[in-house]
Amino acid sequence: MTQDTAARSKSGMLDHCGFLWRFVLFALPFWSAGHKWMNRGRLALIAALTVAQVAVQVGLNSWSARLYNAIEGRHLDAFLGLIATFVLLLLASILVFSITLHTKRRLEFAWRVWITNNTLSVWMAQGRHYQLGLIAGDHDNPDGRIAEDIRVTTEAAVELGQALFYCILLFGTFVAVLWTLSGVIHVEAGGTVIPIPGFMVFVALAYSAIGTSLALWAGSPLVGASNLRQTVEANFRFGLARAREYSESIALIGGDADERTHLQELLRGVRRGWERQTYGLVRIIVFTTAYGVLANPFPLLVAAPRYIMGFISLGTLMQMAQAFSQVTAALSFPVDNLSGIAQWRASVERVMALQDALGELQEKLGANRIEVKHEGSLLQLAGVRVMKHDAAPVMKEITAEIGPGEHVLIEGKTAICHKLILAVAGLWPWGTGKVTLPAGASIFVASDRPYLPVGALGEAVCYPLTLGVCTPGDINAALHRVGLGDWAGNLGVIENWEQVLSVAQQQRLSFARMLLHRPDWIFLAEAMNALDEATQREMAELLVAEFPSAAVVAVGRAGLFDGFFQRVLRVEATTASG
């Protein structure tokens with residue numbers, strides 16, 4: 001072995017050990033969380049059932065010896081009795097395996113739900129799902145990681161863990177059986193006769209060591225290939241979902257060909273990942289096929305001479321062959337599960353990378369962070385300067401106060417003004433300065449594309465409140481008030497409202513939602529850019545009539561609503577912002 005090879009081997013071992021330790025730290029909290037005793041009980045039951053599975057295999061091995069001895073001796077009574085014994089062993093095997101499967105699946109799903117809920121509670125809170133998409137790092141496609149990688153992480157961990165425990169028990173049990181059955185052979189070397197007890201054990205160890213080493217070499221490309229495959233598949237799914245989400249806009253602008261080209265490029269990425277994984281799988285399949293074909297006749301070929309010479313019976317020969325197969329099967333755990341382990345590790349690393357990214361999000365903000373507090377009765381901007389997430393400033397510092405009931409227009413580059421609104425809402429933390437929001441104030445931010453959940457119309461209008469809070473009468477009245485009276489009375493209709501309603505209708509619906517929420521601080525982030533001037537004046541009049549004491553802060557152009565805004569707050573861009 002060269003120094004480079006030895007160094008790579010040592011590095012690979014350290015990498016595997018480091019990964020396993022990180023996974024242990026990742027998994028431990030689940031066993032101390034809620035319902036911990038139920039989950040620990042399930043784990044203990046799986047361990048007990050695994051012992052029972054090995055006991056059934058021992059029973060079948062012993063039964064096999066008696067069966068072949070009965071056949072060899074032509075003992076019909078013993079043969080018929082063994083049939084009844086086999087039926088009992090078969091029923092026991094079915095019962096044990098069925099309960100094991102049921103218990104494993106309950107534990108797997110409980111673990112998946114726990115990790116998913118924990119991840120969602122961090123990801124879908126305080127705008128982190130939005131902020132995470134703005135920074136670089138290994139956290140792409142969080143939806144795929146949450147939906148698919150967590151499932152693989154938990155299911156494969158339980159399956160592989162139980163399989164490893166089973167193989168350890170199988171090895172310990174059948175090594176003893178094989179040692180006993182092998183007896184002692186005598187090998188003459190240089191005139192000296194050397195007794196070798198349990199020789200079949202040594203043959204099994206050598207056979208498995210060679211096979212495992214070759215399998216690990218053959219399957220070494222699979223970890224990287226599996227990770228790449230999952231990443232490109234997730235990218236392709238995201239591209240398709242995005243095309244579906246913006247299908248109307250794509251069709252109206254004639255972007256079908258462009259979008260098709262983009263999706264085909266993503267598909268080519270899927271193909272590259274698929275081909276790389278296929279190459280790794282072919283290497284494994286070629287080896288495991290040969291290994292599997294050789295596994296059955298090999299112990300018979302090694303032990304048959306002792307039967308032919310009359311040292312052992314046919315039953316002992318077959319029992320020895322089966323024990324040899326069980327030992328090598330236990331030792332071939334890495335070979336049999338290499339592909340599954342590779343996929344599992346890739347999923348675990350993707351889940352841990354997402355959780356690490358969420359945990360480090362606040363740290364990555366560093367010193368360049370806009371401080372947001374809730375106190376007093378005014379909206380105060382003290383030396384606020386918005387930056388890009390790479391710390392490049394996009395606007396000059398601004399200091400201002402806005403009191404209750406004021407109507408203020410923020411004028412400047414739309415993108416920069418929009419970021420300032422996000423900063424006030426606590427969603428854009430990159431920058432410097434301090435934002436003070438009124439304590440206990442009810443705040444409503446209306447954007448150019450309000451989020452409309454798929455479901456009943458009433459739920460979409462009331463969102464994020466529930467229908468228990470918003471009465472049908474109030475919802476219908478709000479729809480009439482904003483010019484969507486044609487939809488009143490259809491609150492139970494279930495649709496994808498982002499596709500059913502035009503952008504202008506969606507912006508009207510946002511004002512209906514505002515009427516139900518009754519805020520006292522209203523921020524309009526391009527919330528009327530799809531409405532014509534008459535409708536914009538109509539919505540401005542609605543704000544004056546329905547929210548006479550509310551403060552309204554809007555991004556737009558000076559003079560858009562004559563007499564509505566009492567003053568203009570100008571935002572000046574830095575030279576670097578373009």
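When reading the values below, keep in mind they use all heavy atoms of this one structure, side chains included, and skip hydrogens, waters and symmetry mates.
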Spacing of [atom1] belonging to [X] relative to [atom2] belonging to [Y], to within rounding of 0.5 Å:
X	Y	atom1	atom2	result
L160	E155	CG	CD	11.5 Å
L542	E538	CG	CD	8.0 Å
I421	I410	CD1	CD1	4.0 Å

Before accepting this row, confirm whether a basic side-chain N of the pair [X]/[Y] lies closer than 4.0 Å to the acidic partner's carboxylate O.
X	Y	answer
E371	K373	yes
R151	E148	yes
K104	E108	no

So which heavy atom on [X] is nearest to which on [Y], and how close?
X	Y	result
L524	V552	CD1-CG1, 4.0 Å
C167	A330	O-CB, 3.1 Å
R268	T261	NH2-O, 4.3 Å

Is the side chain of [X] donor-acceptor paired with the backbone N or O of [Y] at a distance under 3.5 Å, no angle test?
X	Y	value
Q507	R449	no
R112	A147	yes
D532	A534	yes
T574	P393	yes
Q536	L531	yes

Inset, instruction - Show your working on side-chain hydrogen bond (donor to acceptor under 3.5 Å, both in side chains) between Q355 and T119 and close with a plain yes or no. - result: CA-CA 7 Å; Q355 293 197 344; T119 305; 3.0 Å; yes
Inset, instruction - Taking atom types as modelled, find out whether T231 and R350 have a side-chain donor-acceptor pair closer than 3.5 angstrom. - result: yes
Legend entry - Check: W497 ring centroid to Y451 ring centroid under 6.0 Å: no
